[in-house]
Amino acid sequence: MRLWIGLYLPQLPLEVFSPRWRTEGVEDGAACDSGSVVLEQERVMALSPAARAAGVQAGMRRGGVLMLLPEARILERSHEREAEAMQAVAMAMLQYTPQVALAEEATLLLDI
């Protein structure tokens, strides 16, 4: 019987710009994020919890984001950074199994 583990990274487009493990800008254990959004084709495709709390939603246009959150950090999606990050995660997972495969967007499969 084969057993596969799927590793899904839904916030990868945002985390390639602002990794959660990053310690700079942290006060009292909470990140000082005024709200970050990643746009693809001028629409929000990923957003930070602070942006979500301000009312920003996936699919919104840049103008709507700026109306709700004028200080938002707006980033353009970087497929290159995402590919590099997925490659790094895949390499790290090789310590657990030699069978690691890239699947659909932001997903790795590990055969254990």
Side-chain angles (χ1 to χ4, degrees):
M1 182 170 110
R2 296 183 78 144
L3 179 62
W4 289 85
I5 294 177
L7 181 60
Y8 178 54
L9 306 169
Q11 290 293 320
L12 186 66
L14 180 62
E15 290 178 347
V16 295
F17 295 106
S18 303
R20 288 186 165 196
W21 48 262
R22 205 169 119 194
T23 57
E24 302 94 58
V26 175
E27 292 178 6
D28 301 325
C32 301
D33 179 19
S34 61
S36 299
V37 298
V38 176
L39 300 180
E40 183 173 45
Q41 297 180 350
E42 291 301 311
R43 295 205 179 254
V44 174
M45 58 97 43
L47 58 151
S48 70
R52 188 177 315 279
V56 177
Q57 297 178 3
M60 290 181 84
R61 293 181 183 262
R62 180 185 303 261
V65 172
L66 292 173
M67 183 181 71
L68 292 172
L69 193 62
E71 68 278 4
R73 180 176 170 219
I74 298 178
L75 307 157
E76 291 295 326
R77 186 173 188 184
S78 173
H79 292 283
E80 295 80 24
R81 282 186 176 194
E82 290 176 44
E84 289 173 7
M86 284 298 289
Q87 187 69 23
V89 172
M91 294 299 286
M93 293 298 107
L94 286 174
Q95 68 181 318
Y96 302 109
T97 177
Q99 305 259 342
V100 177
L102 292 172
E104 295 177 12
E105 190 171 326
T107 304
L108 288 172
L109 297 175
L110 291 80
D111 181 6
I112 56 166

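- Looking at residues two or more places apart in sequence or on another chain, you find a side-chain contact (heavy atoms from CB on, under 4.5 Å) between Ala90 and Val100, Leu108.
- Hydrophobic cluster membership for Trp4: Leu109 (Ile, Leu, Val, Met, Phe, Trp, Tyr linked by side-chain heavy atoms under 4.5 Å, directly or transitively).
- Atom CD of residue Gln11 and atom CG of residue Leu47 lie 7.0 Å apart, to the nearest 0.5 angstrom.
- Neither Val44 nor Val16 shares a network with the other; the hydrophobic side chains, linked directly or stepwise wherever heavy atoms of I, L, V, M, F, W or Y lie under 4.5 Å apart, form separate groups for each.
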Could you walk me through whether Thr107 and Leu9 satisfy the side-chain contact (heavy atoms from CB on, under 4.5 Å) test, starting with their C-alpha distance in whole Å, then the side-chain angles of each, then the deciding distance to 0.1 Å, before giving a yes or no? CA-CA 6 Å; Thr107 304; Leu9 306 169; over 6 Å; no
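- Here the closest non-hydrogen pair linking Pro13 and Ala46 is CB-CB, 4.2 Å.
- Residue-environment remark: CD (Glu71) exceeds the threshold of 12 foreign heavy atoms within 6.0 Å.
- At a threshold of 4.5 Å between non-hydrogen side-chain atoms, the residues Arg43 and Met60 do not count as touching.
- The salt bridge (Lys or Arg N to Asp or Glu O under 4.0 Å) check on Glu76 picks up Arg62, with sequence neighbours excluded.
- With rounding to the nearest 0.5 Å, the separation of CG in Leu110 from CG in Leu94 is 8.5 Å.
- Placement of Val56 and Leu66 within a single hydrophobic cluster is found when ILVMFWY residues are connected by side-chain heavy-atom separations under 4.5 Å, directly or transitively.
- Under the 4.5 Å side-chain heavy-atom criterion for Ile, Leu, Val, Met, Phe, Trp and Tyr, Leu68 and Leu75 are members of distinct hydrophobic clusters.
- The side-chain hydrogen bond (donor to acceptor under 3.5 Å, both in side chains) pairs that include a residue from residues 81-103 are Arg77-Glu82, where partners are two or more places apart or lie in different chains.
- Between the CE atom in Met45 and the CG atom in Leu14 there is a gap of 9.5 Å [rounded to 0.5 Å].
- Taken together through direct or relayed side-chain contacts under 4.5 Å among Ile, Leu, Val, Met, Phe, Trp and Tyr, Met91 and Leu12 form part of one hydrophobic cluster.
- Qualifying side-chain contact (heavy atoms from CB on, under 4.5 Å) partners for Ala54, counting only residues two or more places apart in sequence or in other chains: Leu69.
- Summarising the hydrophobic clusters (Ile, Leu, Val, Met, Phe, Trp, Tyr; side-chain heavy atoms under 4.5 Å, direct or chained), the residues clustered with Met67 are none.
- Taking every heavy atom of both residues into account, Ala51 and Ser36 meet most closely at CB-O, 3.8 Å.
- Atom CD1 in Ile5 sits 3.5 Å away from atom CD1 in Ile112 (nearest 0.5 Å).
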